[in-house]
Every structure is written in structure tokens, then in C-alpha cells.
Amino acid sequence: MSSEVHPGTISIEQVAAGDTYPLRAQELRQGRPLEMDGDDAPYALHLAARLDGDIVGVVRFHPRDCPWLEAEAPWQLRGMATDPQVRRLGVGRALVAAGLSRVVQRGADLVWCDARAAAVGFYARIGFRPVTDEYELRPVGPHRGMVIELPIR
Ligand SMILES: CC(C)(COP(=O)(O)OP(=O)(O)OC[C@H]1O[C@@H](n2cnc3c(N)ncnc32)[C@H](O)[C@@H]1OP(=O)(O)O)[C@@H](O)C(=O)NCCC(=O)NCCS
């Protein structure tokens, strides 16, 4: 019998807002309401990464004007988190890549986010660029505005 450890399979799928709440609660929204404005809007796109059935990553995309740049069809990325047990294995990248390809299909030409200072390096690795200095978003702390321009479909 092989002693090789099977790494498991990551899949990305669209889910209901509520499916993202446990990871949001654990990683992002301590002591704050789990629901964010627009979670139930018809165009809100909630994605989850599953590893052997368990949700190990979540993110939301939603059409919203970019505070810093003009765009025809800007979308905001929000509520991004992966389980600490799977960090630095590509789950975050896979989630955002799946989201970007879906929002391009819906006509998006730019995605922006308020990136926590500790996550700026992550967003930069996956193709976003900072467009602001650091600013404070209470109660979380310092953030930078980051964007990625998308090919027009
Ligand atoms: C930020 C976060 C989503 C990254 O998720 P992840 O699953 O570890 O990301 P990935 O493994 O796909 O990382 C993609 C690349 O970014 C790098 N990276 C990941 N986190 C990083 C960080 N905090 N700083 C710098 N680089 C980072 C990875 O090493 C990888 O680099 P590579 O291209 O050399 O392979 C995760 O750390 C997290 O949930 N943090 C807590 C919640 C949070 O801050 N969310 C963002 C709110 S704005």
C-alpha cells in the first residue's frame, strides 16, 4: 500500500451568502455583524473554496463604484479570507482568479478592494496594484486601496 498522503482537491463554487459567514466570523468580522451591505443583492457573487467538502476560503464580488479610479463597470472585492490551515497554498489566488473570470463575463472592467495592510502583499502577488496611501478603516486598522484592470470582453 502506498504511504503517499493524498493532498485533497480544491474546488471553487458559487454559494449563498450565509455559507461564507463561518469563515468571515472566524477571520474577518470578530465582534461585528457577519452580514455586509449588499450580501443579498441580486448581483452579489459569493464564492467558496472547498477542500474535501469543507469551506476553506470565501470571497464576495459586487458591482460598486471605485472610490479612486473611473471605470465603466467597477466591482468591489470584499470579505476575502482563507482558513489559516491552508494559507500560502494557492487557495486565495484560486478564489480570486475564479471570481475575476466570472465578473469579466458579467462585464466588469475593474475590480477594487480596501486591502488590509497585512494582505497588500497577497493582492500584489495576484495582480492588484496599490492606488492610495495607507488609510484607517475602523475598527480594523490600516488599509490601502488596490485595483486590477480587466480585459474588456
Ligand atoms: C490574505 C489571505 C486571503 C491570503 O490567502 P492565501 O490562501 O494564503 O493566499 P495564496 O496562497 O493564494 O497566496 C498567493 C500568493 O500570495 C502570497 N501571499 C499570501 N499571503 C500573503 C501576505 N499576507 N503577504 C504577502 N504575500 C502573501 C503567497 O505566498 C502566494 O505567493 P506566490 O505567488 O509566490 O505563490 C489570507 O492570508 C487571509 O485570509 N488572511 C486573513 C484575512 C484577511 O486579511 N483577508 C483580506 C482582507 S482585505
Side-chain angles (χ1 to χ4, degrees), residues 5-41 43-69 71 74-104 108-151:
V5 177
H6 193 278
T9 308
I10 292 282
S11 61
I12 310 285
E13 64 189 59
Q14 187 168 353
V15 295
D19 292 337
T20 69
Y21 291 175
L23 206 48
R24 264 193 205 172
Q26 184 186 309
E27 300 302 323
L28 291 171
R29 315 259 326 152
Q30 294 92 342
R32 292 184 294 152
L34 295 181
E35 192 162 340
M36 304 186 307
D37 277 357
D39 269 351
D40 295 325
Y43 293 110
L45 172 65
H46 299 275
L47 295 180
R50 285 188 194 276
L51 176 62
D52 298 334
D54 296 330
I55 290 182
V56 295
V58 295
V59 66
R60 183 187 96 175
F61 293 83
H62 187 263
R64 193 167 177 201
D65 282 349
C66 174
W68 316 293
L69 295 185
W75 285 55
Q76 182 185 19
L77 178 162
R78 231 185 137 187
M80 168 88 222
T82 59
D83 190 306
Q85 307 233 32
V86 302
R87 294 234 173 113
R88 307 264 179 166
L89 295 174
V91 173
R93 180 199 294 278
L95 261 175
V96 176
L100 296 180
S101 79
R102 282 166 165 85
V103 300
V104 165
D109 62 350
L110 177 135
V111 170
W112 64 273
C113 66
D114 294 299
R116 293 182 181 201
V120 166
F122 161 71
Y123 290 111
R125 282 299 292 173
I126 62 171
F128 285 71
R129 66 184 166 91
V131 292
T132 72
D133 291 332
E134 227 167 63
Y135 50 86
E136 195 71 15
L137 281 185
R138 289 176 202 287
V140 177
H143 287 72
R144 288 185 79 181
M146 297 187 78
V147 305
I148 186 167
E149 274 112 358
L150 301 172

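Computed from a predicted model, the values in this text were never measured in an experiment. For ligands, and for the atoms within them, numbers begin at 1 and follow the listed sequence.
- Residue-to-ligand polar distances place Gly92 within reach of ligand 1: an N/O pair is separated by less than 3.5 Å.
- Interface atoms of ligand 1 facing Ala81, defined by a heavy-atom separation under 4.0 Å, are 39 (O).
- Taking any N or O of Ala119, backbone or side chain, none lies under 3.5 Å from an N or O belonging to ligand 1.
- Summary of contacts: the protein heavy atom closest to atom 4 (C) of ligand 1 is Phe122 CD1, 3.6 Å.
- At a 4.0 Å heavy-atom cut-off, ligand 1 touches Ala118 through the backbone alone.
- Contacts of Leu28 with ligand 1, taken as heavy-atom pairs under 4.0 Å, involve the side chain alone.
- Residue Glu27 places no N or O, backbone or side chain, under 3.5 Å from any N or O of ligand 1.
- Atom-to-atom distance recorded for Leu89:CG and Ile10:CD1 is 8.0 Å, nearest 0.5 angstrom.
- Annotation: the span from Arg125 atom CZ to Arg88 atom CZ amounts to 10.0 Å, rounded to 0.5 Å.
- For the atom pair CG of Leu47 and CD1 of Ile55, the computed distance is 11.0 Å after rounding to the nearest 0.5 Å.
- For ligand 1, the atoms sitting less than 4.0 Å from at least one non-hydrogen atom of Asp114 are 48 (S), numbered in the order shown with element in parentheses.
- Taking the side chain as every heavy atom from C-beta outward, Thr20 and Arg60 never approach each other to under 4.5 Å.
- Protein heavy atom at the shortest distance from atom 17 (C) of ligand 1 is Arg125 CG, 3.9 Å.
- The shortest N or O to N or O distance between Met80 and ligand 1 is below 3.5 Å.
- Judged as a ring-ring contact (aromatic ring centres under 6.0 Å, His included), and not counting sequence neighbours, the contacts of Phe128 are Tyr123.
- The ligand atoms of ligand 1 that sit less than 4.0 angstrom from a heavy atom of Arg93 are 12 (O), 15 (C), 32 (P), 33 (O), 35 (O).
- Between the side chain of Trp75 and the backbone N or O of Val104, no donor-acceptor pair lies under 3.5 Å.
- Between Leu89 and ligand 1, at least one pair of N/O atoms sits closer than 3.5 Å.
- Applying the 4.0 Å criterion to heavy atoms of Gly90 picks out, from ligand 1, the atoms 10 (P), 11 (O), 12 (O).
- Inclusion of Arg88 in the set of residues having an N or O under 3.5 Å from an N or O of ligand 1 is warranted.
- Test Leu77, Ile126, Leu100 against Ile148 for side chain to side chain contact (heavy atoms under 4.5 Å, CB included) and you get one pass: Leu100.
- For Arg87, heavy-atom contacts with ligand 1 shorter than 4.0 Å involve the backbone as well as the side chain.
- Relative to atom 39 (O) of ligand 1, the option among Val96, Val59, Val91, Thr82 with the closest non-hydrogen atom is Thr82.
- Considering backbone and side-chain N/O atoms, Arg116 never comes within less than 3.5 Å of an N/O atom of ligand 1.
- Rounded to the nearest 0.5 Å, atoms CD (Gln85) and CG (Asp54) are 10.0 Å apart.
- Of the inter-residue distances, the one linking Ile12 atom CD1 with Leu95 atom CG reads 4.0 Å to the nearest 0.5 angstrom.
- Shortest non-hydrogen contact noted between Asp40 and Ala17 is OD1-CB, 4.2 Å.
- Residue Asp39 holds its CG atom at 4.0 Å from CZ of Arg24, rounded to the nearest 0.5 Å.
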